[in-house]
Amino acid sequence: MGRFKHLDRVAFRRAIRCRDVRTVLAMAATYDDDTVRDLFLTVGYDEGDLSLYGFVVEIIQIEETAQWHEIASLLLSQPFCHHAGAYERSFSHAIRAAELDPDDVRLKEYTILSCHSGQTAQRRGGGAIGTPHLKRFPF
C-alpha cells in the first residue's frame with residue numbers, strides 16, 4: 001500500500017472516531033466495501049464504545065444501503081456482542097442488508113449464519129427466528 005493511501009486510511013479512521021458523518025460518507029465512497037467494513041470493525045475493537053453503532057445507525061438514516069446495515073450487524077455481532085440484545089439487533093440488520101441487495105449471495109449466507117449461530121440461536125431457537133425471514137431469499 002502506498003504512503004498516500006495509508007494517510008487516507010488514517011484520516012478515514014480519524015473521521016470515524018470523531019463521528020464526522022459528512023467526511024465518513026465522502027471517504028467511504030472512495031474505498032471498496034471490504035476496506036470500509038474493516039476500518040469500522042477496527043475502530044469498534046479499539047474503542048469498545050457502543051456509540052460507534054449509534055453513529056452507523058445515523059449514517060443509515062442518511063444513506064440506507066446494504067453495506068451500512070452489514071457494518072451495523074457486524075459491529076453488534078463482534079466487538080459489541082456482549083451488550084444485551086446485540087445478537088437480535090445484529091440479525092435484523094443482516095436481514096435488512098439482504099433485502100436491500102437481494103443479488104448478493106454473501107449477504108444471504110451471512111444472514112443464515114447469523115440466524116443459526118451465537119446466542120440468538122441458542123436462546124431463541126434460531127430456526128424459529130430465521131425461517132420466516134429466510135424464506136424471502138430463494139437461492
So E99 and R96, side chain to side chain contact (heavy atoms under 4.5 Å, CB included) or not? Walk me through it. CA-CA 5 Å; E99 288 173 345; R96 186 66 181 138; 3.2 Å; yes

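- In this structure, L100 is not a member of the same hydrophobic cluster as W68, with clusters built from ILVMFWY side-chain heavy atoms closer than 4.5 Å.
- R14 CZ to I16 CD1: the interatomic distance, rounded to the nearest 0.5 Å, is 11.5 Å.
- In this structure, the side chains of L39 and V43 stay at 4.5 Å or more apart for every pair of heavy atoms.
- Contact between R17 and D46 at its shortest, heavy atoms only, is NH2-OD2, 3.2 Å.
- Ring to ring, Y31 and F12 are close: their centroids are under 6.0 angstrom apart.
- Checked by atom type and distance alone, the side chain of S77 pairs as donor or acceptor with a backbone atom of S73 at under 3.5 Å.
- Rounded to the nearest 0.5 angstrom, L76 CG and H82 NE2 are separated by 10.5 Å.
- Atoms CD1 and CG, on I71 and D33 in that order, are 7.5 Å from each other to the nearest 0.5 Å.
- No salt bridge links E109 with R106; every basic N to acidic carboxylate O contact stays at or beyond 4.0 Å.
- Side chains of R13 and T42: no donor on one and acceptor on the other come within 3.5 Å.
- Both L74 and Y53 are part of a single hydrophobic cluster, where members link through side-chain heavy atoms under 4.5 Å apart.
- Atom NE2 of H83 and atom CZ of R89 lie 15.0 Å apart (nearest 0.5 Å).
- The two atoms that bring A97 and L107 nearest to each other are O-CD1, 3.6 Å, heavy atoms only.
- Here the shortest heavy-atom pairing between F80 and G48 reads CE2-C, 3.7 Å.
- Atom-to-atom distance recorded for F55:CZ and D20:CG is 7.0 Å, nearest 0.5 angstrom.
- Within the model, atoms CD of E70 and CZ of F40 stand 12.5 Å from one another, a figure rounded to the nearest 0.5 Å.
- I60 and L50 fall within the same hydrophobic cluster, where Ile, Leu, Val, Met, Phe, Trp and Tyr residues are linked whenever their side-chain heavy atoms come under 4.5 Å apart, directly or through other members.
- Here the shortest heavy-atom pairing between A66 and D101 reads CB-CB, 3.7 Å.
- Minimum heavy-atom separation, T111 to A94: OG1-O, 3.2 Å.
- Linking ILVMFWY residues whenever their side-chain heavy atoms come closer than 4.5 Å, directly or via other members, leaves L52 and Y45 in distinct clusters.
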